[in-house]
K.L.:
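Okay, handing you the structure first.
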Amino acid sequence: MSKKVRVRFAPSPTGGLHLGGVRTVLYNYLFAKKHGGDFIVRIEDTDQSRYVSGAEEYIFDCLRWCGLEPDESVQHGGAFGPYRQSERKPLYRKYAEQLIAAGHAYYAFDTTAELEEMREKFKSTENPSPQYDHHLRMKMRNSLTLSADETNSLLASNTPNVIRIKMPVGKTVSFQDMIRGEVSFDTSLVDDKVLLKADGMPTYHLAVVVDDYLMKITHAFRGEEWLPSAPVHLLLWQYLFGWEEMPQWAHFPLILGPHGKLSKRDGAKYGFPVFAMNWQDPKTGETTAGFREKGFLPAAFINLLALLGWNDGSEKEIFSKEELIASFDMARVHSGGAKFDYEKAKWFNHEWIKLTSASKLVPLVSHTFEMANLPITNVVLLEQVIAIVKDRCTVVTDFIEQGSFFFNRPTQIDTASILPKWNTEKSTFFDQLIHYYQQANPWTTGELEKICKDLALTHQLKTGELLLPLRIMLVGGKFGPGVFDIACLLGKEETLERLTQAKRLILQGA
RNA sequence: GGCCCGUUCGUCUAAGGGCUAGGACACCACCCUUUCACGGUGGUGAUACGGGUUCGAAUCCCGUACGGGCUACCA
């Protein structure tokens with residue numbers, strides 16, 4: 001029996017959670033649930049200079065909205081805590097020192113200024129960004145170039161220092177990526193990454209390996225941007241815990257914007273959301289739009305993300321979360337980056353709105369109306385309205401344009417579209433229509449249609465020419481579902497009231 | 001610059017040696033509907049290029065080009 005599957009999503013709480021992040025969560029979640037495993041969220045907050053208040057809370061709110069609840073996390077508890085790296089700080093040093101003892105790492109005392117100086121000094125056209133690597137480490141101030149006494153006295157006097165990994169020269173490290181197959185690197189070309197910072201906090205490189213080990217992570221999934229630092233992690237695993245303990249890796253393709261890696265900048269520029277939910281930067285006060293507020297359904301959001309880089313091999317595109325869990329397969333995740341297409345994203349949402357029953361949509365739509373300062377008291381009517389307009393709503397906010405006239409009389413009547421073809425015949429027709437509608441019984445779509453069409457016949461008028469004015473009188477403009485459906489839902493009193501008022505308005509204009 | 005990853009319609013993708021290169025979004029046309037949608041039918045549109053391997057290549061190999069990522073005491 002193999003080990004229980006344990007995967008983790010490890011965000012740093014520095015701002016909004018974007019598409020790529022959510023998709024990483026999703027693939028982790030799907031993989032875990034598919035294999036009966038656990039999904040862990042670990043907060044990687046080792047860089048206190050980038051701390052953003054509220055970001056951590058926000059991330060969990062996003063996951064909750066998406067329906068991707070962790071099994072273990074800061075908020076959910078678990079046996080492998082703490083789940084915030086800043087709270088695990090005392091854990092890391094011993095591993096770094098263990099590496100030094102084994103000759104795989106060393107102390108470095110170079111100041112920021114000295115590092116900058118080095119980069120300036122060795123910068124050239126052929127090498128625009130010099131690395132702290134085996135070529136240069138012997139020219140720097142570290143425990144490799146200093147005598148043991150010098151090193152010890154520097155340490156004893158609390159001279160600021162970091163611990164760097166000593167990358168071996170001329171070795172090839174490789175691993176099997178679940179998506180890409182074998183990937184290999186020449187260790188000579190990788191720099192001596194900092195493992196433990198001067199403030200005693202680990203960098204990502206050390207922390208990810210130590211915590212994945214301590215938290216018994218079996219599969220480590222992350223974005224492709226991490227691939228270049230994989231050799232560091234591989235070596236760390238080998239030195240600290242052994243290859244056998246190492247999780248299986250998969251690096252997801254990037255989600256691209258029109259130019260490169262999708263950024264919130266792209267969203268602002270091209271008018272589509274990039275974050276899961278609205279995010280307001282506490283420092284600048286700037287708000288970045290989220291899918292939730294744009295009117296996306298969580299089910300649609302997850303669905304469209306899942307299909308951005310994965311498919312089940314069939315032509316099926318609409319998947320519920322349960323279906324995704326059942327059919328997800330890491331090996332079928334694409335290796336190439338995917339450009340985000342907002343039009344297709346909207347299509348997914350439209351499909352999900354059509355698929356979701358009116359009753360299930362009531363709370364969401366009701367809340368949307370509330371947000372727009374159009375509170376709804378008649379939920380029975382709301383459900384009926386949703387039922388007849390949802391096919392023409394792409395995002396939830398569309399319900400406002402498509403449905404608000406049921407609850408509030410239109411303030412504007414597009415008489416301009418009626419007047420050019422208005423005449424006395426039509427005028428008397430509508431007078432009589434109002435009269436017959438007064439006596440209509442039952443007040444049903446079918447009955448209303450029959451009355452109208454019969455009357456048109458006796459007046460020798462074409463129904464087509466009457467339906468548009470009728471619609472405009474009821475809704476204010478040229479939109480909405482079937483006119484008789486509208487009249488039916490509006491009810492007799494309201495319908496007659498609108499007709500009478502609109503009629504008066506038309507006569508004034510005529 | 002170096003390293004790594006990638007490359008099928010505009011976009012997301014299917015086809016893991018045999019083909020009329022399939023589907024979806026978007027777009028266009030028609031039908032339905034005498035609002036707009038929904039729905040239906042059809043259409044435009046792709047294997048980056050050059051070499052191999054093979055009876056046969058989108059599929060395997062090499063090179064080139066292009067795209068992307070990384071190159072911090074950030075993740």
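Here is how names work: the chains are called A, B, and so on, in the same order as the sequence lines, proteins then strands, and each is numbered from 1. What you see is a predicted model, and the numbers here were worked out from it, not measured in a lab.
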K.L.:
Enter syn or anti for the glycosidic conformation of rC30(B), syn applying to angles within 90° of 0.
P.N.:
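Anti, angle beyond 90° from zero.
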K.L.:
Charged N to carboxylate O under 4.0 angstrom, Lys426(A) versus Glu465(A)?
P.N.:
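Salt bridge present between Lys426(A) and Glu465(A).
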K.L.:
Taking only the side-chain heavy atoms of Glu315(A) (C-beta and beyond), determine which of rC73(B), rC70(B), rG23(B) contains the nearest atom.
P.N.:
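Nearest to the side chain of Glu315(A) among the choices is rG23(B).
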K.L.:
Both distances under 3.5 Å, Watson-Crick or G-U wobble: report the partner of rC32(B), or none.
P.N.:
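Across all strands, not a single nucleotide pairs with rC32(B).
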K.L.:
On the side chain of Lys344(A), is there an atom forming a donor-acceptor pair with the base of rA26(B) - under 3.5 Å, no angle test?
P.N.:
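Result: no qualifying N/O pair found.
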K.L.:
How close or far is atom P of rA14(B) from atom CG of Asn311(A), stated in whole angstroms?
P.N.:
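One finds 5 Å between P of rA14(B) and CG of Asn311(A), rounded.
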K.L.:
Which of the following nucleotides, rC5(B), rU13(B), rA75(B), is nearest to the side chain of Ala338(A)?
P.N.:
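The answer is rU13(B).
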K.L.:
Taking rU53(B) as the reference, what is the distance to rG69(B) when you measure between their P atoms (whole Å, please)?
P.N.:
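Here rG69(B) and rU53(B) have their P atoms 37 Å from each other.
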K.L.:
At less than 3.5 Å, do the side-chain atoms of Arg392(A) and the base atoms of rC36(B) form a donor-acceptor pair?
P.N.:
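Under the 3.5 Å cut-off, the side chain and the base do form a donor-acceptor pair.
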K.L.:
Can we say Arg137(A) and Asp192(A) salt-bridge, meaning some charged N sits less than 4.0 Å from an Asp/Glu carboxylate O?
P.N.:
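Yes, charged N to carboxylate O under 4.0 Å.
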K.L.:
Closest to the Leu308(A) side chain: rC12(B), rC74(B), rC4(B)?
P.N.:
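Per side-chain heavy atoms of Leu308(A), the pick is rC12(B).
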K.L.:
To the side chain of Lys197(A), which of rC12(B), rC73(B), rU7(B) is closest?
P.N.:
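The nucleotide sitting nearest to the side chain is rC73(B).
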K.L.:
Are Phe252(A) and Tyr27(A) near enough that their ring centres are under 6.0 Å apart?
P.N.:
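They qualify: ring centres under 6.0 Å apart.
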K.L.:
Between Lys193(A) and Asp191(A), does at least one N-O distance fall below 4.0 Å, as a salt bridge requires?
P.N.:
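So Lys193(A) pairs with Asp191(A) through a salt bridge.
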K.L.:
State which of rG1(B), rC74(B), rU35(B) makes the closest approach to the side chain of Arg50(A).
P.N.:
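Among rG1(B), rC74(B), rU35(B), the one nearest the side chain of Arg50(A) is rC74(B).
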K.L.:
Of the nucleotides rC4(B), rU13(B), rC73(B), which one has an atom closest to the side chain of Phe185(A)?
P.N.:
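Among rC4(B), rU13(B), rC73(B), the one nearest the side chain of Phe185(A) is rC4(B).
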K.L.:
Is it true that Trp310(A) and Phe319(A) have ring centroids separated by less than 6.0 Å?
P.N.:
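Yes, they do, as the ring centres are separated by less than 6.0 Å.
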K.L.:
Could you identify the nucleotide paired to rU7(B), looking across every strand shown and requiring Watson-Crick or G-U wobble geometry with both distances under 3.5 Å?
P.N.:
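Paired with rU7(B), as far as the under-3.5 Å criterion goes, is rA65(B).
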K.L.:
Return the nucleotide paired to rC38(B): Watson-Crick means purine N1 to pyrimidine N3 with N6-O4 or O6-N4, wobble means G-U with N1-O2 and O6-N3, both under 3.5 Å.
P.N.:
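No nucleotide pairs with rC38(B).
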